[in-house]
Structures are given as C-alpha cells and as structure tokens.
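All values below were derived from every heavy atom in this structure, side-chain atoms included, with hydrogens, water molecules and symmetry-related copies excluded. First listed ligand is number 1; within each ligand, the first listed atom is number 1.
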Amino acid sequence: MVARIDQLAATITSYLDQNNLPHPSFDANGPITLNLSSQAECARSTAINALQELLDLLQGPIACMLPKVYNGTSLQVISRHDIARKVPMEGTISFAELAGATGLRASDVNRIMRFAMSYHRLFTEPQEGFVAHSAGSKKLATDDVVRAGVGQSFDEFYGSFARGFALAHETDMSMFDYLGTQPSKAEQFSKAMRFYSAVVPGYAESHLVEGYDWASLGTGTVVDVGGADGYVSRALSKAHPRLNLVVEDLPDVVEAAAGKQQQPMPTDCRIRYKAYNFFSPQPVASADVYLFR
Ligand SMILES: C[S@@+](CC[C@H](N)C(=O)[O-])C[C@H]1O[C@@H](n2cnc3c(N)ncnc32)[C@H](O)[C@@H]1O
C-alpha cells in the first residue's frame with residue numbers, strides 16, 4: 001500500500017511541476033486548493049483513501065469507532081472571538097496581545113492556539129509566544145464563507161452539544177446532574193471513562209504516570225479533580241506509593257467509588273476520596289499538583 005501511495009504522490013508531484021503549480025503546504029502563502037487535472041485529481045483522491053486506510057490500520061479498530069468531532073473547542077473559541085482576523089496578515093502578535101484583544105486569559109489563549117496549530121494546522125508560532133498565520137488561518141481571516149462555515153459548525157452546532165443532551169433526554173439538567181439521577185447510566189459513563197483509558201491507546205493513564213517526574217514530589221499531594229472512581233490516582237499511587245492523592249468528584253460518584261474501595265488496595269496506598277463540585281472553591285489548599293483530565 002505504501003508503494004502505491006508513493007506512486008500516486010509522484011503522479012501528483014509531476015503534474016504540479018510540469019504546470020509550474022505550488023506544492024501542498026500549510027505555509028501562510030501555501031495553496032488552498034491544488035488545481036489538478038482530472039487525472040491528477042483521481043490520483044489525489046485515491047491516495048487520500050489509501051492513506052486513510054493506512055491510518056485506520058495503524059490506529060486499529062477501536063479508534064475507527066470513535067467520533068472525530070470531540071476536539072472542536074479551539075475552533076469554537078477561535079470562531080467566537082474572531083481570532084483569525086486579530087492576527088496580522090504579515091508578522092506576528094503575542095499571546096498576551098491576543099488575550100487583551102479577546103478578553104480571554106493569556107494562559108487559555110496559549111493552550112487554545114497551540115492546540116489549533118498542532119491539531120488543525122491553523123496559525124503558527126514562529127517565535128515562542130508569538131502567533132502568525134498559516135494557510136488555513138489566513139483563509140479563515142480573509143474569506144467570510146469559510147468563517148461562516150467554521151462558525152456554523154463549531155460555534156453553533158458543536159456549541160449546542162450540551163443543550164442537545166438535555167433535549168435528547170427530555171431534561172433540564174446538565175449531563176452530570178442527569179447521570180446523578182440514573183445509576184445505570186452513571187455506571188455506563190464510569191465504564192466509558194475506563195474504555196478510553198484502557199482501550200484507546202492515546203488516552204492510557206500510563207502516559208500520565210510515565211510522562212512526568214512524579215518522584216520529585218516525594219510525599220507531595222496530588223488532587224485528582226473530577227477523578228471519577230480514582231483509577232488514574234490508583235495507577236499513580238501504584239507507581240509512586242509515597243504520593244498523597246485526593247480524588248475529588250461529585251457526591252454520587254465518590255460514594256460509588258468509596259463502595260468499590262472495599263476491594264483490596266495496596267497497603268501503602270494513600271488515596272482519599274472527597275465529594276466536591278469543581279464550580280465551588282477548591283477545598284484542598286496548597287497541593288503540589290491539581291490534575292484535571
Ligand atoms: C470526562 S470524566 C474524566 C474522568 C477522569 N478524570 C479520567 O481522566 O478518566 C469527567 C469527570 O468529571 C466529573 N465531574 C463532572 N462535573 C463535575 C463537577 N461539577 N465537580 C466535580 N466533578 C465533576 C464527572 O463525574 C467525571 O468523573
């Protein structure tokens with residue numbers, strides 16, 4: 001399959017070269033479309049299908065079942081605050097200036113923009129802390145039809161997921177309040193979180209456990225905010241038994257989790273459970289880490 005993709009890419013490249021057309025690029029001055037002949041266009045769509053199949057094969061059958069639209073928050077924010085038009089056509093603007101222009105916090109702007117850069121290939125960061133356009137973000141800034149399409153998809157449709165849940169379930173409650181009234185659905189939600197971490201490779205808690213220098217915290221305190229039944233904290237505690245862990249979640253979840261803790265735990269495990277609503281002030285002051293995932 002890879003040889004076939006190579007061959008198709010060569011067909012496209014040779015058409016572009018022969019016709020003096022720009023090669024695909026996310027650079028701010030890169031082409032938005034390739035203007036291919038019907039034969040080269042056929043090579044392009046065949047290559048895309050083959051690459052998609054290769055990607056699916058490498059990601060495996062579970063990833064093929066998962067929705068692709070959960071990661072729309074950065075596009076929602078970019079659209080709602082018209083960020084593409086706040087970035088200059090030439091040159092850069094700092095994250096801090098973008099924060100000032102949008103009224104958002106600089107740390108939020110930083111995370112949202114970097115996510116859009118890596119996931120959607122919108123904007124670039126040519127110098128640390130400074131944003132410039134990519135081909136996609138420049139198009140978003142200059143084409144009101146593209147802006148409308150992104151706004152409709154991510155500010156209107158994506159933004160109504162929460163209310164959509166309430167309508168679908170004929171309730172005025174938020175999803176988590178609703179789950180609190182439906183034990184079997186709450187159990188499904190809790191298992192679904194295990195599904196993501198145990199079955200979907202990129203979400204495994206091992207990345208969190210192995211990706212940070214937890215040992216440097218010694219007997220420090222880690223608060224696992226919205227920690228569900230504490231499976232992430234248990235994995236952390238297993239690898240770093242000296243850590244003190246506090247799992248915080250809504251009362252129903254904590255109650256159910258505490259019930260499960262009758263199962264044997266490692267004797268040196270230091271995990272406490274605390275009922276807490278994260279829209280209220282944090283009750284555990286001065287922890288070393290507040291974990292939110
Ligand atoms: C997406 S799950 C993530 C669970 C876990 N942190 C993980 O990494 O799998 C979100 C968690 O936040 C909890 N949660 C939702 N609203 C909350 C609130 N207002 N206060 C505290 N926890 C909340 C849910 O009960 C759920 O366990």
Side-chain angles (χ1 to χ4, degrees), residues 62-63 65-74 76-77 108 111-112 115 119 158-166 168-169 171-212 214 217 220-240 243-261 263 265 269-285 287-293:
I62 298 291
M65 284 190 254
L66 296 177
K68 312 278 187 238
V69 295
Y70 279 173
N71 289 331
T73 305
S74 72
Q76 186 186 36
V77 176
D108 289 340
R111 280 184 296 121
I112 285 157
F115 183 87
Y119 196 76
Y158 179 84
S160 44
F161 277 8
R163 184 74 191 126
F165 181 92
H169 293 277
T171 173
D172 285 336
M173 286 183 253
S174 74
M175 181 178 79
F176 289 110
D177 288 342
Y178 177 76
L179 291 180
T181 66
Q182 306 279 328
S184 67
K185 287 183 190 264
E187 175 74 16
Q188 174 175 273
F189 183 88
S190 167
K191 278 200 188 129
M193 291 304 104
R194 297 298 313 273
F195 162 79
Y196 281 111
S197 66
V199 186
V200 182
Y203 296 168
E205 63 259 31
S206 59
H207 299 304
L208 180 98
V209 174
E210 290 157 21
Y212 297 91
W214 299 103
L217 296 177
T221 299
V222 178
V223 180
D224 186 358
V225 184
D229 68 357
Y231 71 92
V232 171
S233 285
R234 285 200 297 281
L236 264 178
S237 185
K238 200 168 161 202
H240 300 281
L243 280 179
N244 283 293
L245 291 133
V246 184
V247 179
E248 294 179 337
D249 210 297
L250 294 168
D252 296 334
V253 179
V254 165
E255 208 176 294
K260 278 193 202 154
Q261 294 325 307
Q263 299 158 5
M265 299 267 292
C269 179
R270 304 180 194 190
I271 305 180
R272 283 185 294 138
Y273 285 79
K274 203 166 179 52
Y276 164 63
N277 183 333
F278 55 50
F279 294 114
S280 61
Q282 173 55 248
V284 183
D288 297 275
V289 173
Y290 294 88
L291 181 60
F292 193 56
R293 57 164 255 158

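- Remark: minimum distance from atom 10 (C) of ligand 1 to any protein heavy atom is reached at Phe176 CZ, 4.0 Å.
- The CD1 atom of Ile271 sits 5.5 Å away from atom OG of Ser233, with the distance rounded to the nearest 0.5 Å.
- Polar contact with ligand 1: absent for Asp224 (N/O pair, distance under 3.5 Å).
- When the heavy-atom distances from atom 20 (N) of ligand 1 to Phe195, Phe292, Phe278 are ranked, the shortest goes to Phe278.
- Residue Arg293 places its CZ atom among more than 12 non-hydrogen atoms of other residues, nucleotides or ligands, all under 6.0 Å distant.
- For Tyr196, the closest heavy-atom approach to ligand 1 does not fall below 4.0 Å.
- Looking only at protein heavy atoms, the nearest one to atom 6 (N) of ligand 1 is Gly226 O, 2.8 Å.
- Gln188 CD: 12 or fewer foreign heavy atoms inside a 6.0 Å radius.
- Interface of Phe279 with ligand 1, defined as ligand atoms under 4.0 Å from a residue heavy atom, comprises 19 (N).
- In this structure, Tyr231 counts as a contact residue of ligand 1, since one of its heavy atoms falls inside 4.0 Å of the ligand.
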TODO: Test side chain to side chain donor-acceptor pair (under 3.5 Å) on Thr221 and Asp288 and set out the steps.
DONE: CA-CA 5 Å; Thr221 299; Asp288 297 275; 4.6 Å; no
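- Ring geometry, His169 versus Tyr178: the interplanar angle falls from 30° to 60°, so the pair is classed tilted.
- The nearest protein atom to atom 3 (C) of ligand 1, hydrogens excluded, is given as Arg293 O, 3.5 Å; this is a heavy-atom distance.
- Of the possible donor and acceptor atoms, none in the side chain of Trp214 sits under 3.5 Å from a partner among the backbone N and O of Leu243.
- For the pair Met193 and ligand 1, the shortest N or O to N or O distance does not fall below 3.5 Å.
- Among protein heavy atoms, the minimum distance from atom 25 (O) of ligand 1 is reached at Asp249 OD1, 2.7 Å.
- Classification of the Tyr196-Tyr203 ring pair by plane angle, with boundaries at 30° and 60°, yields tilted.
- The closest protein non-hydrogen atom to atom 19 (N) of ligand 1 is Asn277 OD1, 2.9 Å.
- The contact set between ligand 1 and Tyr276, taken as ligand atoms under 4.0 Å from a residue heavy atom, comprises 20 (N), 21 (C).
- Any N or O atom pair closer than 3.5 Å counts here, and Val253 shares no such pair with ligand 1.
- Each of the following atoms of ligand 1 lies closer than 4.0 Å to a heavy atom of Phe189: 2 (S), 26 (C).
- Dense packing is recorded around CZ of Phe195, with more than 12 heavy atoms of other residues, nucleotides or ligands lying under 6.0 Å away.
- Ligand-side atoms of ligand 1 in range of Ala228: 4 (C), 27 (O), range being under 4.0 angstrom from any heavy atom.
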- [ ] Kindly determine whether Asn71 and Tyr119 satisfy side chain to side chain donor-acceptor pair (under 3.5 Å), including the steps that lead there.
- [x] CA-CA 9 Å; Asn71 289 331; Tyr119 196 76; 3.2 Å; yes
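- Here the side chain of Asp224 pairs no donor or acceptor atom with the backbone of Val247 at under 3.5 angstrom.
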